[in-house]
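Can you keep this structure in mind? I'll have questions shortly.
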Amino acid sequence: MHSDIIIVGAGIAGLATAIRTAESRPDLRIAILNKGSEDNSNSYYAQGGVAAVLDPENDSFDLHISDTLQSGGYLNNPATVEALVHGITGEIARLESWGAQFLKNGNRYVLGREGGHSAHRIVHAAVPTGKEIMRVLRSKAIQMPNIQWLRGLLVTELIQEHHQCTGVKALHHPLQQTFELRAQAVVLATGGSGQAFSQTTNSPQATGDGIALAHQAGAHIRHMRFVQFHPTALYEKGSGMRFLLSEALRGAGAHLLNHTGQRFMLHEHPDAELATRDVVSSAIYRQMSTYGLDHVYLDLRPIPVTLLREQFPYIVQTLLTKGYNPAVDPIPVSPAAHYQCGGIATDLSAATSIPGLFAIGECAENGLHGRNRLASNSLAEALVFSTYLAMKLSDLSPARTYMSAVGQPIGTAPSPDYSDEVLRLKEHFRDILYKGFIAGDYYSTLQKCSALHRELLSIKHLHPDCIQTLNLMHTGLLILQDAVQYQQMQKEFRPIPGIPLQS
């Protein structure tokens, strides 16, 4: 078996890249490596839609660009933002030609509005939009003979020769055996790092693998402190993956209430519940901190019941399953880590600072999001820039490279005592990082988390649980280090009177 391109990750970014490259270069062999199930990825769970200018009578490219820049605090790369806004309409048409079904009223899209958007421009599917896009992309990828799908492989190291990435080392955990896979190009499409926090909307697979691998290999990493918290994750006691209550609910009329039943966002921002995610999350945290609360409430009762059932059937059914009737009950919510805006530094073609290594999707930082991602720009990002990356990969010449085993089977899995220790360290790390980061206590949190990381390194073992826990800790420390450095820089900097200091 040989491959010319290795793509690590089988979410929307990875699959779209594989398909677009395979279409333009059927002579290139493409291997998709997936450590777990693609049905357990952030892409699959993505409830939000795709932001695109599909109603030019009431929207425009300039408005979408302006909203994206404003949401990102003008720390975005304008060229990247423009590429996204102008490119996504064509990607939606391409998905529909492959069989994707988005909500329409006749020939017109049913467009929602979410926080930070100045117009209705969010296109949705009847099921979670990510799930629908994944359905179409998987079906397309399976049909392409030059795409090979290798499941159960967890990448543990990037191989470099002569200052170029030439492959990966991976653990096939079902077989408990290590492998080397060689290729001309390696694409990291590994998603985010939400599992570094105890409260997150992210899949259990979102352990920051790609960012940790790239940083260990010496690739440039950028803006790691820019972690977006989603304001309205369903509150449940304990840690784990939180069910996300889509921002489109607030776009459809849902209100945020505090413990006394007051709409506190009316006093926080002119856009109230439709302010950007960072603004709303901060407002909720202030309510929780001031009054000693675990959560606030999202009131769906202002949304007509028929509209709620027609446009949000998955959310309604999930809430009913969990014991909440959205037509009657305000829903308890709290902020949860949602999206890694920073990551592996890339250009528009997804090239990193290491030749032969590319990164795309949430693990990459190409200048699109700035300090805070505009709602529903993430699925759009994965689709648009996969086309840019495919154009770059299409320049490769086919060459035969082989996958071969490097070493003997690992042996038996760790003892229960060992597994319990890894779990203890992981949960302690995640809880400390969540509480410290959301409170802005970066320095002492970094010290505590570093100690836990050192403790896990002392028992490092070639087992998936340990490897992924080390990755999420590594990524969490990068987030804290960037936050500490920025905080210290701000303290040392003395602004000139009369000139506002931008964050």
Which label fits His124 and Phe312: parallel for a plane angle under 30°, tilted from 30 to 60°, or perpendicular past 60°?
perpendicular
Flag for Thr80-Asn366: side-chain donor and acceptor within less than 3.5 Å
no
Test log, rule side-chain hydrogen bond (donor to acceptor under 3.5 Å, both in side chains), inputs Glu91 and Thr387
CA-CA 9 Å; Glu91 298 299 331; Thr387 297; 2.8 Å; yes
For Arg108, is there any backbone N or O sitting under 3.5 Å from a side-chain donor or acceptor partner on Asn105?
no
Give, for atom CH2 of Trp149 and atom CD1 of Ile7, the distance between the pair rounded to the nearest 0.5 Å.
10.5 Å
Looking at every heavy atom in both Val123 and Leu54, which two are closest together, and how far apart are they?
CB-CD1, 4.1 Å
Using the ring of Tyr486 (Phe, Tyr or Trp, six-membered ring only), decide whether Arg225 places NZ or CZ under 6.0 Å from its centre and within 45 degrees of its axis.
yes
Has the side chain of Glu132 got a donor or acceptor atom that lies under 3.5 Å from a matching backbone atom of Pro128?
no
Tell me, do Gln287 and Gln262 make a side-chain contact under 4.5 Å, heavy atoms counted?
no
Nearest heavy-atom pair of Leu308 and Pro326: which atoms, and what distance?
CD2-CB, 4.0 Å
Donor-acceptor under 3.5 Å (His230 side chain, Thr232 main chain)
yes
Glu427-Ser198 side chain donor-acceptor pair, cut-off 3.5 Å:
no
Mind checking side-chain hydrogen bond (donor to acceptor under 3.5 Å, both in side chains) for Thr475 and listing every partner two or more places apart, or none if nothing turns up?
none
Gln199 side chain reached by Arg430 side chain, heavy atoms, under 4.5 Å:
no
For the backbone of Asp465 and the side chain of Thr469, can you confirm whether one donor and one acceptor N or O come within less than 3.5 Å of each other?
yes
Nearest atoms (heavy-atom pairs only) where Thr352 meets Ala359:
CG2-N, 3.9 Å
Hey, could you give me the CG/CG distance between Asp299 and Leu256, rounded to the nearest 0.5 Å?
9.5 Å
Test item: Ile432 and Thr445 side chains (from C-beta on) under 4.5 Å apart, heavy atoms:
yes
Taken to the nearest 0.5 Å, the spacing of Leu15 CG from Leu383 CG works out to 10.5 Å
Under 3.5 Å, is there a donor on one side chain and an acceptor on the other for Asp278 and Thr276?
yes
For the side chain of Thr68 and the backbone of Val81, is there at least one donor-acceptor N/O pair under 3.5 Å apart?
no
When you measure from the side chain of Gln70 to the backbone of Ser66, do you find a donor-acceptor pair of N or O atoms at a distance under 3.5 Å?
no
Tabulate below the donor-acceptor pairs under 3.5 Å that side-chain atoms of residues 329-346 make, not counting sequence neighbours, or state none.
residue, atom, partner, partner atom, Å
Asp329, OD2, Asn325, N, 2.8
His338, ND1, Thr201, OG1, 2.6
His338, NE2, Arg373, NH2, 3.4
Tyr339, OH, His369, NE2, 3.4
Tyr339, OH, Glu381, OE1, 3.0
Gln340, OE1, Ser193, OG, 2.9
Gln340, NE2, Met224, O, 3.2

How far apart are the C-alpha atoms of Leu188 and Ile211, what are their side-chain angles, what is the distance that settles it, and do they pass the side-chain contact (heavy atoms from CB on, under 4.5 Å) test?
CA-CA 9 Å; Leu188 297 174; Ile211 294 172; over 6 Å; no
Mind checking the OH-CG spacing from Tyr324 to Leu319? Nearest 0.5 Å is all I need.
8.5 Å
Please report the shortest heavy-atom distance between Ala170 and Leu153, naming the atom on each side.
CB-CD2, 4.0 Å
Examine the side chains of Arg424 and His428 and answer whether a donor and an acceptor come within less than 3.5 Å of each other.
no
Spatial distance of atom CG (Leu393) from atom OG (Ser349) [nearest 0.5 Å]
9.0 Å
State plainly whether the residues Glu96 and Lys104 are in salt-bridge range, i.e. N to O under 4.0 Å.
yes
Side-chain touch Lys322/Glu236, heavy atoms, less than 4.5 angstrom
yes
State whether the side chain of Ser289 and the backbone N or O of Tyr285 hold a donor-acceptor pair below 3.5 Å, judged by distance alone.
no
Taking C-beta and beyond as the side chain, do Asp67 and Arg121 meet within less than 4.5 Å on heavy atoms?
yes
Do Lys35 and Thr207 have side-chain atoms, one donor and one acceptor, less than 3.5 Å apart?
yes
Should Gln311 and Val110 be marked as a side-chain contact (heavy atoms from CB on, under 4.5 Å) after you check the CA-CA gap, both sets of side-chain angles, and the distance that decides it?
CA-CA 9 Å; Gln311 292 198 14; Val110 176; 3.7 Å; yes
Side chain to side chain, Met288 and Asp294, heavy atoms closer than 4.5 Å:
no
Take Ile122 and Arg113 through the side-chain contact (heavy atoms from CB on, under 4.5 Å) test and state the conclusion after the steps.
CA-CA 6 Å; Ile122 315 301; Arg113 184 182 173 191; 5.7 Å; no
Would you give the length of the straight line joining atom CG of Leu84 to atom CG of Leu374, rounded to the nearest 0.5 angstrom?
9.5 Å
Please report whether the ring centroid of Phe226 lies less than 6.0 Å from that of His223.
yes
Would you call Arg263 and Glu273 a salt bridge, taking side-chain N to carboxylate O under 4.0 Å as the test?
yes
Could you go through Asp59 and His120, starting from their C-alpha distance and side-chain angles, then the distance that decides it, and tell me whether this counts as side-chain contact (heavy atoms from CB on, under 4.5 Å)?
CA-CA 8 Å; Asp59 196 8; His120 286 73; over 6 Å; no
Is any side-chain N of the basic residue among Glu247 and Arg277 closer than 4.0 Å to the acidic one's carboxylate O?
yes
With a 4.5 Å heavy-atom cut-off, do Gln481 and Leu446 have their side chains touching?
yes
Please report the shortest heavy-atom distance between Trp98 and Val136, naming the atom on each side.
CB-CG1, 3.5 Å
Flag if over 12 foreign heavy atoms under 6.0 Å of CZ, Arg309:
no
When you check the side-chain N and O atoms of Asn202 and Gln195, is any donor under 3.5 Å from an acceptor?
no
Sub-4.5 Å side-chain heavy-atom contact between His295 and His259:
no
In this structure, are over 12 heavy atoms from other groups packed under 6.0 Å from Tyr291 atom OH?
no
Using every non-hydrogen atom in the two residues, find where Cys363 and Gly191 come nearest and quote the distance to one decimal.
CB-O, 3.3 Å
Any donor-acceptor pair under 3.5 Å from Arg135 side chain to Ser139 backbone:
no
Going by the angle between their ring planes, with limits at 30° and 60°, are Phe197 and Phe229 parallel, tilted or perpendicular?
perpendicular
Any side-chain to backbone donor/acceptor pair from Arg222 onto Glu365? Under 3.5 Å, distance only.
yes
If the plane angle is over 60° it's perpendicular, under 30° parallel, otherwise tilted; pick one for Phe385 and Tyr388.
tilted
Steps toward side-chain hydrogen bond (donor to acceptor under 3.5 Å, both in side chains) verdict (Asn258, Thr260)
CA-CA 5 Å; Asn258 63 14; Thr260 65; 2.7 Å; yes
Using modelled atom types only, decide if a donor and an acceptor are shared between the side chain of Asp209 and the backbone of Thr190 within a distance under 3.5 Å.
no
